J.: 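Just passing along the structure, written as structure tokens.
Each chain gets a letter, A, B and so on, in the order the sequences are listed, and its residues count up from 1. Predicted model only: the values in this text are computed from it and were never measured.
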Amino acid sequence: MLKIIIPTIMLMPLTWLSKKNMIWINTTTYSLLISLISLSLLNQPSNNSLNFSLMFFSDPLSAPLLVLTTWLLPLMLMASQHHLSKEPLIRKKLYITMLTMLQTFLIMTFTATELISFYILFEATLVPTLIIITRWGNQTERLNAGLYFLFYTLMGSLPLLVALISIQNLTGSLNFLLIQYWNQALPDSWSNIFLWLACMMAFMVKMPLYGLHLWLPKAHVEAPIAGSMVMAAILLKLGGYGMLRITTMLNPQTSFMAYPFLMLSLWGMIMTSSICLRQTDLKSLIAYSSVSHMALVIVAVLIQTPWSYMGATALMIAHGLTSSMLFCLANSNYERTHSRTMILARGLQTLLPLMAAWWLLASLTNLALPPSINLIGELFVVMSSFSWSNITIILMGANITITALYSLYMLITTQRGKYTHHINSIKPSFTRENALMALHMTPLLLLSLNPKIILGFTY
Amino acid sequence: MNPLIFTTILMTVLLGTMIVMMSSHWLMIWIGFEMNLLAIIPILMKKYNPRTMEASTKYFLTQATASMLLMMAIIINLMHSGQWTITKVFNPTASIIMTSALAMKLGLTPFHFWVPEVTQGISLTSGLILLTWQKLAPMSILYQISPSINLNILLTMAVLSILVGGWGGLNQTQLRKIMAYSSIAHMGWMTAVLAYNPTLTMLNMLIYIMMTLTMFMLFIHSSSTTTLSLSHTWNKTPLTTTLILITLLSMGGLPPLSGFMPKWMIIQELTKNSSIILPTLMAIMALLNLYFYMRLTYSTSLTMFPSTNNMKMKWQFETKRITLLPPLIVMSSLLLPLTPMLSILD
């Protein structure tokens, strides 16, 4: 694992020592190379985990997330070039350093064996993200957004620390490789119910669950493009990853404790999808769509069947790529019109036809068109929730319909129709932007040829 | 002040604390406290104006009361045990009185009222000595009598201190008062674990002193005493804004900075001793502290104007040279990976 972590840490001296005209080139190239190294991790033995050392391991669940994380850093760097072009050199280097620090913590989080180490790194990802949102966001609301983000996450995760330490007290070790063999059923008592709650709430806030999702639209909208990308693609998946890891220790309480959260998620995914239909702010629409997709992941994780775990993992990877691509597209609009209002940038197909092609592909994958991996994820989740309870098919079907509705609404508003007169003078698409979209779309399309990689450890 | 006299007085302060920490006779400990108190009054009053006079008077009155209570507890202990050696305290009444006396010296709730007012009235350097060095002596006595302290009182004072330290700091813009409330909250954390594992109290004290030293030195460097003047540091030395950010986040207890280490160890020790609700409550109340640190970072480092701003700023005559600032900053932010080394403290 050090072959990935040390180069990522070394990206920081690379930025500080690069010349002025080489910072973007150096960092993007080397982070792309690091992501190529991480691709070798996808070669997983089928049922077991790949243990690198006592402290790092990767298994079929964390390897795709790790590859997604390392793939995203060069994309984030490419996306940030435009809005940072007018900043002084030191601030550009600081920004890249923040992104690199975040990347290091994320890589270590996804490969941590010891659960307390996972917790520390999970919390450590908050600091660079907070700095990116509050320092480089664009509106005054970003301060409030940063505070909401920090305090929602911390309130949820402090009980997790106490819960992890008390589990360590009970079982003697929190090393994940050991716990999966020692696992015994938790005795039925009030304190174990609170233990279940303490363990899960941190990840519920991070996902986010419908009732606790207030921080997400604020944080996603106010963050700069790299912040939005990394939050939508990876940080939300930290919650899903944590839940998938920790539910192995929490039986049998999950069978009855999961009900409130299942109800909230099932109802919440429809509510947030419906809110998307009424949004005027483009980034806010994509943020609420993230909440809706993640609610599906929560439902899948709480049902705890092999098919639902496969669906959750596939959905996390697919949504990461799709959501990040949608944020990049929204940002390309924002950089031209300096406004996030959808109707101010409509009819773009006539002016930027290639970008319209990317918009089309992104919207189609967002609404889970076959044969994309989005569909595989959603389909597995729908099927497993139908087997859990027949009635959920109504809610799931309604959700898929509304998702299709708002994705097409977003596509048609921004691309079709007559363009407005005030956007006659926007710049044409840069090659950098087209490359960015292509680099998002290519893994998404290629994975539909071999989705076995992203189906997780229950395949 | 005449440098010779100033050195003598400073040495007396040091000597007083040393006598407290190294004596085995209760009377010598009391003498050490009195020496410390009498010698620090001139240091608190380095600038001669009514504000410092008021602050010094308040400090003197509270500390003298505490010393008298300490003396009473010592005498009761003498009556019941017949000897002056400092071991555990032999009588519950004496133990309660002694705990209250030491709490008054440290500034724990409900005896915390003097801390913000005294810290605000004195200069930054004196405030530094007040909030770091002066805590060492009472804490060492608490460490030595820790087996016989009434657990109820100790935990109540600790939890209330964390609450008051968090809540009281919310409405402050003066930096010295913010540091005072932060000190109250940190003292609460330290005393909470005293009955379970006093070594962690010492660890928390060490890291707290490092972080407070760093914060005060950064304030002295930009000679800022209010949030407004702190927000101008980006004009003078932009690097200090980043350092202030890192140190404040460390004081708030955010991983991966070293301020997280004492909180984590304390929560671990408390949970291992089967008290679960208490550390959860303490951890959540520490978030109040984090809120006003975040507010400071917002005005200092996270919102910056793109060009030099056009407002009145304090004139800076010369850049003060602060010794030991880089090592302090490194120690107050990067020590978390060294946590496994704590096993040497046992």
J.: Please identify, among Leu302(B), Thr297(B), Leu336(B), the residue contributing the most non-hydrogen atom pairs under 4.5 Å to chain A.
T.: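 Answer, by heavy-atom pair count under 4.5 Å with chain A: Leu302(B).
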J.: If I take atom CG from residue Asn144(A) and atom OH from residue Tyr298(B), how far apart are they, to the nearest 0.5 angstrom?
T.: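 One finds 8.0 Å between CG of Asn144(A) and OH of Tyr298(B).
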J.: Given side chain to side chain contact (heavy atoms under 4.5 Å, CB included), test Leu130(A) with Met294(B) step by step and report yes or no.
T.: CA-CA 10 Å; Leu130(A) 175 77; Met294(B) 284 311 302; 3.3 Å; yes
J.: When Gln268(B) is tested against each of Asn169(A), Val162(A), Ile165(A) for side-chain contact (heavy atoms from CB on, under 4.5 Å), which residue passes?
T.: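 When Asn169(A), Val162(A), Ile165(A) are each tested with Gln268(B), the side-chain contact (heavy atoms from CB on, under 4.5 Å) holds only for Ile165(A).
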J.: Is there side-chain contact between Ile276(B) and Ser166(A), with at least one heavy-atom pair below 4.5 Å?
T.: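 Yes, at least one pair of side-chain atoms sits under 4.5 Å.
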J.: Side chains of Gln168(A) and Thr271(B): closer than 4.5 Å at any heavy-atom pair?
T.: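 They are not in side-chain contact.
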J.: Please determine, among Leu164(A), Thr125(A), Leu154(A), the option with the most heavy-atom pairs under 4.5 Å with chain B.
T.: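 Of Leu164(A), Thr125(A), Leu154(A), Leu154(A) has the most heavy-atom pairs under 4.5 Å with chain B.
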J.: Could you grab the distance from atom CZ of Arg135(A) to atom OG1 of Thr241(B), nearest 0.5 Å is fine?
T.: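 One finds 9.0 Å between CZ of Arg135(A) and OG1 of Thr241(B).
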J.: Given a strict heavy-atom distance threshold of 4.5 Å, which part of Leu270(B) is in contact with chain A: side chain, backbone, both, or neither?
T.: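 Answer is neither: Leu270(B) stays 4.5 Å or more from chain A.
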J.: Can you tell me if CD1 on Ile277(B) sees more than 12 non-hydrogen neighbours from other groups inside 6.0 Å?
T.: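 Check fails, neighbour count at 12 or below.
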J.: Against chain A, label Leu249(B) side chain, backbone, both or neither, depending on which of its atoms sit under 4.5 Å from a heavy atom there.
T.: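 Just the side chain, heavy atoms under 4.5 Å.
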J.: Is Phe122(A) close to chain B through its backbone or its side chain, or both, or neither, when contacts mean heavy atoms under 4.5 Å?
T.: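 The answer is neither part of Phe122(A).
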J.: Under a 4.5 Å heavy-atom cutoff, which of Thr280(B), Ile284(B), Leu287(B) has the most pairs with chain A?
T.: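 Counting heavy-atom pairs under 4.5 Å, the top option is Leu287(B).
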J.: Count the heavy atoms of every other residue, nucleotide or ligand shown that sit under 6.0 Å from CD1 of Ile9(A), and state whether that count exceeds 12.
T.: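 More than 12 within 6.0 Å, yes.
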J.: If we define contacts as heavy-atom pairs under 4.5 Å, which of Pro256(B), Pro238(B), Pro279(B) has the most with chain A?
T.: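 Top option by heavy-atom pairs under 4.5 Å: Pro256(B).
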J.: Could you tell me which portion of Leu257(B) (side chain, backbone, both or neither) has an atom closer than 4.5 angstrom to a non-hydrogen atom of chain A?
T.: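 The answer is neither part of Leu257(B).
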J.: More than 12 heavy atoms of other residues, nucleotides or ligands under 6.0 Å from CE of Met12(A): is that the case?
T.: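 More than 12 heavy atoms, drawn from other residues, nucleotides or ligands, come within 6.0 Å of this atom.
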J.: Quick check on Ile267(B) against chain A: is it the side chain, the backbone, both or neither that has a heavy atom closer than 4.5 Å?
T.: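 Both the backbone and the side chain of Ile267(B) come within 4.5 Å of chain A.
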J.: About how many Å separate CD1 of Ile120(A) and CH2 of Trp264(B), when rounded to the nearest 0.5 Å?
T.: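 That separation rounds to 3.5 Å.
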J.: Of all of Leu147(A), Leu126(A), Ile131(A), Val127(A), which one pairs up most often with chain B through heavy atoms under 4.5 Å apart?
T.: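 Maximum pair count with chain B is reached by Leu147(A).
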J.: Heavy-atom distance under 4.5 Å to chain A: side chain of Ser301(B), backbone, both or neither?
T.: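 For Ser301(B), the backbone is the part near chain A, not the side chain.
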J.: Counting only non-hydrogen atoms closer than 4.5 Å, does Phe105(A) touch chain B with its backbone (N, CA, C, O), its side chain (CB onward), both, or neither?
T.: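 When you check distances to chain B, only side chain atoms of Phe105(A) fall under 4.5 Å.
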J.: Which answer fits Phe260(B), side chain, backbone, both or neither, if we ask what part of it has an atom under 4.5 Å from a heavy atom of chain A?
T.: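 Contact with chain A is through the side chain of Phe260(B) alone.
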